[in-house]
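A short worksheet on the structure shown next.
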Amino acid sequence: MEYAGNLFVVAAPSGAGKSSLVNALMEVDSRLAHSVSHTTRAPRGQEVHGREYYFVSDAQFDQLVLQDAFLEWARVHGNRYGTSKHAIEERISQGGDIILEIDYQGAIQVKQIFRNAILIFILPPSWEELKSRLQRRGEDAADVIDMRLKNAAAEVAQVEEFDFVIINERFELALFDLKSIVHAQRLKYAAQRRTKADVFTALNIR
Ligand code: 5GP
C-alpha cells in the first residue's frame, strides 16, 4: 500500500528501553505521532486509559477483531495487543509520520501490509543488563520477569527481519541512533518524493 507519510515501527524485548527512547524522541520531534494500542492487559501503576493504552476486556478485544479494527494484533506475554487501523491509515495517508511501539510479530505483520514501513529493533547490550533493568523497573512480579526474559530469547532471534538495529547500552547514544534513522529515512528519495510531491512537481522532475 502506498502512502505519503513515514511509518516507523519499533520493537524490542521488555526492558530494552523502547518506551523511554520513543518518548524522548517524541519530545523533540513534533512531526511524529504515537499510536495508542488496545490491550487486554490490566493497567500498571500510573497508566491511564487512552494515554498508554486503551484497556479493554477479552470480549471487547474479540469484538474489535471481528470488526476488522486492527492493522495487526498479537498475543504477547499472555495478553493481546492491537494497533488501530483507522488511526494509522488516516495519518499516513495525509502525509503525517507515525511511530508504532509494538512487538516483533506485529512489526512483521505491518511490514507485510506497508512495505515502506521502517522496522527498527532495539537490543539490550547483554542478558544480564536486561534482567537487571526489568528488576530495577519494579513493575512486574518475579514470575512475570522470568516469563519476559524467557520470551526475550525468542524475540531477539527475529532481529534479522528488521531494517535497523540499535543496541541500547547508553541511552543518549541510542537516542541519537534513533533520531538518525528517522532523519535519514525522511531524506530518502522515495520518502522525499512522497512527502514533498509539490516541490518535485514545481521542479518538473519525477
Ligand atoms: P507491555 O505490557 O510491557 O506494555 O507491552 C508488552 C509488549 O507488547 C511490548 O513489546 C509492546 O511493545 C507490545 N505491544 C504494545 N502494543 C502493541 C500492539 O498494538 N501490537 C503488538 N503486536 N504489540 C504491542
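Order of listing sets the numbers, starting from 1, for every ligand and every atom in it. What you are looking at is a predicted structure, and each value in this text was computed from that prediction instead of being measured.
Annotation for ligand 1: atoms under 4.0 Å from non-hydrogen atoms of Arg41 are 1 (P), 2 (O), 4 (O). Residue contact check: Gly106 has heavy atoms under 4.0 Å from atoms 22 (N) of ligand 1. Each of the following atoms of ligand 1 lies closer than 4.0 Å to a heavy atom of Ala74: 22 (N).
Between Gln109 and Trp73, the closest side-chain pair of non-hydrogen atoms is not below 4.5 Å. Leu64 places a side-chain heavy atom less than 4.5 Å from the side chain of Gln67.
The environment of Arg136 atom CZ is dense: over 12 non-hydrogen atoms of other residues, nucleotides or ligands sit within 6.0 angstrom.
Results of the side-chain contact (heavy atoms from CB on, under 4.5 Å) test with Ile120 over Asp163, Val9, Leu178 single out Leu178 as the only residue that passes.
Phe121 approaches Glu155 most closely through the heavy-atom pair CZ-O, 3.6 Å. Listed here is the closest heavy atom pair of Ile99 and Met26: CG2-SD, 3.7 Å. Listed here is the closest heavy atom pair of Asp140 and Ile145: O-CD1, 3.7 Å. The two residues Ile167 and Pro125 come nearest to each other via the heavy atoms CG2-CA, 4.0 Å.
At the shortest separation from atom 11 (C) of ligand 1 among protein heavy atoms lies Lys18 NZ, 3.4 Å. Nearest non-hydrogen protein atom to atom 3 (O) of ligand 1 is Arg148 NH1, 2.9 Å. Annotation: atom 20 (N) of ligand 1 to nearest protein heavy atom, Glu72 OE2, 2.7 Å.
Backbone and side-chain nitrogen or oxygen atoms of His38 are examined, and none is located within less than 3.5 angstrom of a nitrogen or oxygen of ligand 1. Considering backbone and side-chain N/O atoms, Ser37 comes within less than 3.5 Å of an N/O atom of ligand 1. Where the criterion is an N or O separation shorter than 3.5 Å, residue side chain and backbone included, Tyr81 meets it with respect to ligand 1.
Here Arg44 has side-chain heavy atoms under 4.0 Å from ligand 1, and that is the only part of it that gets that close. Neither the backbone nor the side chain of Arg137 comes within 4.0 Å of ligand 1, counting heavy atoms alone.
Ligand 1 has at least one atom lying under 4.0 Å from a heavy atom of Tyr53. Residue contacts with ligand 1 leave out Glu155, since none of its heavy atoms falls under 4.0 Å from the ligand. Within the 4.0 Å heavy-atom shell around ligand 1 one does not find Glu52. Every heavy atom of Gln105 sits 4.0 Å or more from the atoms of ligand 1.
With salt bridges taken as basic N to acidic carboxylate O contacts below 4.0 Å, none links Arg91 and Asp97.
Considering Asn79, Asp103, Val36, Thr83 only, the shortest heavy-atom separation from atom 21 (C) of ligand 1 involves Asp103. The option with the heavy atom closest to atom 7 (C) of ligand 1, from among Val9, Val144, Val76, is Val76.
Ring pair Tyr81/Tyr53: centre-to-centre distance below 6.0 Å. Taking the six-membered ring for Trp and the full ring otherwise, the centers of His38 and Phe55 sit at least 6.0 Å from each other.
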